[in-house]
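Comments concern the structure below.
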Amino acid sequence: MAASGKLYQIEGIVLGRRDYGEADRVMICLTPQGRADLLAKGIRKTRSRKAGHMELFARTKLLVSRVEGSWDIISQAEAVALRPGLQEDFLRGTYARYVAELVMRFFEAEANQQLYDLVDWILATLEIDATPERLVRWYEQRLLSLAGFQPEWHRCVGERTGELCEVALVPRPTDRSSFGIDPARGGALCRDCLAGNRGNSAVRPLSPSALSWLQALQERPYADLSAFSLSEETARELAQAGQHYIAHHLEFRPTSLRMIG
Ligand SMILES: [Zn+2]
């Protein structure tokens, strides 16, 4: 082995990987100490013992050899959780790719135990949850908060005549007219501020039902949400609102959900 560096142990979740050379792979792992790109030598050979422990989304204990000026090299891997449900189910696998994509785009190398615990729990739950789409919407709100982009869904973020509006947003099921979503200002708009932003293509209408869901997704534990019904129409609107908000802050539209619209 080329590496002769110090060995260290670490636990990581495989978020992504890319082929390198003839038989190697660079594994993109999320660890409690931050993101780590590690080289798995010979992992594409059929006899590789590491391969089965380093599937996408697996949580794995790693023994790693430090290499100066290059990727550290994985010398041993032992899966703690393999998550076959995310490999075998197209929809759950697609959501898991999206979970991983957001982590890789929003976070650099910094240590973040909360992020690690969140991603681990989300992937484990995504394997078995009855409403994976709803889980992913909840995850978007958690991730935005951890990344420092927590949207304001309770007070209007609009401005009128140079003053912040800040009116309380209280959506009711019987409401007919829309609120607004304004990613640049970081949250939702009252009806008056929505009307005042008609020419602004980044501002979009948001139904009372969708706003009420965004408030719940942000402030409630996931387990509470199964008690609420979610219409297909609102679910679609929530997906669009999440994508619109995230795309603005990433300056990039996530690619992993394209297959399912
Ligand atoms: Zn307002």
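Hydrogens, waters and symmetry mates are skipped; everything else that's a heavy atom, side chains included, is used. Computed from a predicted structure; not experimentally measured.
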Is there a donor-acceptor pair closer than 3.5 Å between any side-chain N or O of Asp19 and the backbone N or O of Arg25?
no
For the pair Ser207 (side chain) and Ala210 (backbone), establish whether a donor and an acceptor sit closer than 3.5 Å, ignoring hydrogens and angles.
yes
Between the side chains of Arg97 and Glu101, is the shortest nitrogen-to-carboxylate-oxygen separation below 4.0 Å, so that they form an ion pair?
no
Are Arg137 and Glu140 within salt-bridge range, i.e. N to O under 4.0 Å?
yes
Ignoring hydrogens and geometry beyond distance, is a side-chain donor-acceptor pair present between His154 and Glu219 at under 3.5 Å?
yes
Side-chain ion pair, Asp24 and Lys45, N-O less than 4.0 Å
no
Would a 4.5 Å heavy-atom cut-off, applied to side chains only, mark Ser178 and Leu194 as touching?
yes
Could you check Tyr222 against Tyr139 for ring pair (Phe, Tyr, Trp, His ring centres under 6.0 Å), going step by step and ending with a plain yes or no?
CA-CA 9 Å; Tyr222 180 65; Tyr139 165 76; over 10 Å; no
Of Glu11, Glu127, Glu78, the residue whose pairing with Arg59 passes salt bridge (charged side-chain N to carboxylate O under 4.0 Å, His left out):
Glu11
Centres of the Trp153 and Tyr245 rings: under 6.0 Å?
yes
Is the backbone of Cys193 close enough, under 3.5 Å, to the side chain of Asn197 for a donor and an acceptor to pair up by distance?
yes
Check this for me: does any side-chain nitrogen of one of Arg191 and Asp175 sit under 4.0 Å from a carboxylate oxygen of the other?
yes
Do we see a donor-acceptor contact under 3.5 Å between the side chains of Ser209 and Thr234?
yes
